[in-house]
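Right, one structure below, let's go through it.
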Amino acid sequence: MANQKLDKLDKQILKLIADDARIPFLEVARACNVSGAAIHQRIQKLTNIGILKGSQFIIDPEKIGYETCAFIGLNLKNPESFDKVVAKLKEIPEVVECHYTTGNYDLFIKIYALNNHHLLNIIHDKLQPLGLARSESIISFHAAIDRQVSMNELSEDSETSETSELSENSEN
């Protein structure tokens with residue numbers, strides 16, 4: 001979806017719920033000085049236009065035994081097989097992200113493995129059969145920064161007609 005311009009209320013709501021996805025709508029409404037119904041309408045509209053993609057509990061992989069986090073650059077023997085390879089990657093539960101990239105790799109994936117031996121097995125038994133020309137693995141020791149995009153940097157000087165509609169609907 002194209003870049004959506006958000007008004008001040010949208011940004012305030014997004015900042016509050018990004019900081020705490022479990023914050024009650026009534027608390028958001030109080031902080032924003034609007035009704036609970038207005039917050040509910042805004043959240044629904046932000047979800048409908050694709051800005052919000054739901055909420056979730058985040059599991060710490062290390063706490064459940066996944067001690068190795070690796071980023072792997074993949075080069076395919078046959079670049080026309082992108083879609084088939086991505087479909088197969090979706091079937092590998094240890095693959096948690098997959099990106100089409102520019103630069104040295106056709107695809108760049110993030111994997112969680114129980115340990116280095118498990119990572120080796122994933123690469124050998126699950127990735128190599130996908131038709132890789134080569135791969136390059138980078139093991140992460142620790143994520144120094146792991147956060148969502150900041151709501152603080154968005155400018156507040158313009159609105160799209162969609163955001164204007166959001167304002168009108170939430171005030172009614």
Side-chain angles (χ1 to χ4, degrees), residues 1-74 81-103 105-113 138 140-172:
M1 169 154 267
N3 182 22
Q4 298 288 327
K5 301 273 183 350
L6 305 170
D7 68 15
K8 187 176 179 179
L9 180 57
D10 293 330
K11 292 175 191 176
Q12 192 175 7
I13 293 168
L14 290 172
K15 181 163 181 13
L16 288 165
I17 65 174
D19 290 344
D20 179 6
R22 299 179 75 183
I23 188 171
F25 283 1
L26 223 48
E27 199 172 316
V28 174
R30 283 188 202 110
C32 296
N33 292 318
V34 296
S35 71
I39 296 301
H40 189 298
Q41 288 175 345
R42 287 285 181 121
I43 297 279
Q44 189 61 49
K45 190 68 154 180
L46 291 167
T47 301
N48 290 344
I49 62 175
I51 291 173
L52 289 175
K53 294 185 174 192
S55 60
Q56 61 186 337
F57 288 101
I58 311 234
I59 297 168
D60 183 336
E62 193 173 340
K63 300 257 193 244
I64 61 168
Y66 288 90
E67 297 178 1
T68 301
C69 174
F71 297 89
I72 303 176
L74 305 176
S81 65
F82 266 110
D83 293 338
K84 290 178 186 172
V85 170
V86 170
K88 290 291 185 188
L89 288 170
K90 287 179 181 179
E91 296 174 9
I92 302 171
E94 297 88 352
V95 175
V96 296
E97 291 182 29
C98 177
H99 301 267
Y100 293 105
T101 62
T102 62
Y105 311 112
D106 296 322
L107 297 166
F108 199 72
I109 62 173
K110 180 178 180 180
I111 288 183
Y112 282 108
I138 302 166
S140 169
F141 293 124
H142 175 72
I145 299 172
D146 185 7
R147 62 182 173 208
Q148 290 195 69
V149 68
S150 171
M151 291 303 303
N152 296 330
E153 301 302 318
L154 295 176
S155 66
E156 298 180 10
D157 50 356
S158 62
E159 297 179 13
T160 62
S161 60
E162 183 129 32
T163 304
S164 297
E165 182 183 324
L166 281 174
S167 297
E168 292 167 9
N169 287 341
S170 66
E171 293 168 2
N172 292 331

Less than 3.5 Å apart, which donor and acceptor atoms pair up between the side chains of residues 92-103 and the rest of the protein, not counting sequence neighbours?
| unit_1 | atom_1 | unit_2 | atom_2 | d |
| --- | --- | --- | --- | --- |
| Glu94 | OE1 | Lys126 | NZ | 3.2 |
| Glu94 | OE2 | His118 | NE2 | 3.3 |
| Glu94 | OE2 | Lys126 | NZ | 3.4 |
| Glu97 | OE1 | His99 | NE2 | 2.8 |
| Thr101 | OG1 | Tyr105 | O | 2.8 |

Item checked: Rounded distance (nearest 0.5 Å) linking atom CD1 of Ile51 with atom CZ of Arg42 -> 10.5 Å
Margin query: Quick check: closest heavy atoms across Phe108 and Phe71, and the distance to 0.1 Å?
Written below: CZ-CB, 3.6 Å
Check: Quick one: does Ser81's side chain have a donor or acceptor within less than 3.5 Å of a partner on Lys84's backbone?
Finding: no
Next item on the list: Compare all side-chain heavy atoms of Asp106 with those of Val85 and state whether any distance is below 4.5 angstrom.
Entry: no
Margin query: Looking at every heavy atom in both Cys69 and Lys110, which two are closest together, and how far apart are they?
Written below: SG-CE, 3.7 Å
Pairs of donor and acceptor atoms involving the side chains of residues 14-29, under 3.5 Å and at least two apart or interchain, shall be tabulated with distances.
| unit_1 | atom_1 | unit_2 | atom_2 | d |
| --- | --- | --- | --- | --- |
| Lys15 | NZ | Asp19 | OD2 | 3.3 |
| Asp20 | OD1 | Arg22 | N | 3.0 |

Item checked: Summary of side-chain hydrogen bond (donor to acceptor under 3.5 Å, both in side chains) pairs that have at least one residue in residues 140-149, sequence neighbours excluded -> none
Would you be so kind as to tabulate the donor-acceptor pairs closer than 3.5 Å made by side chains of residues 53-61, with sequence neighbours excluded?
| unit_1 | atom_1 | unit_2 | atom_2 | d |
| --- | --- | --- | --- | --- |
| Asp60 | OD1 | Glu62 | N | 3.1 |

Item checked: Shortest non-hydrogen contact from Asp10 toward Asp7 -> N-OD1, 2.8 Å
Note to self: To the nearest 0.5 Å, what is the distance between CD1 on Ile39 and CD1 on Ile13?
What the structure shows: 3.5 Å
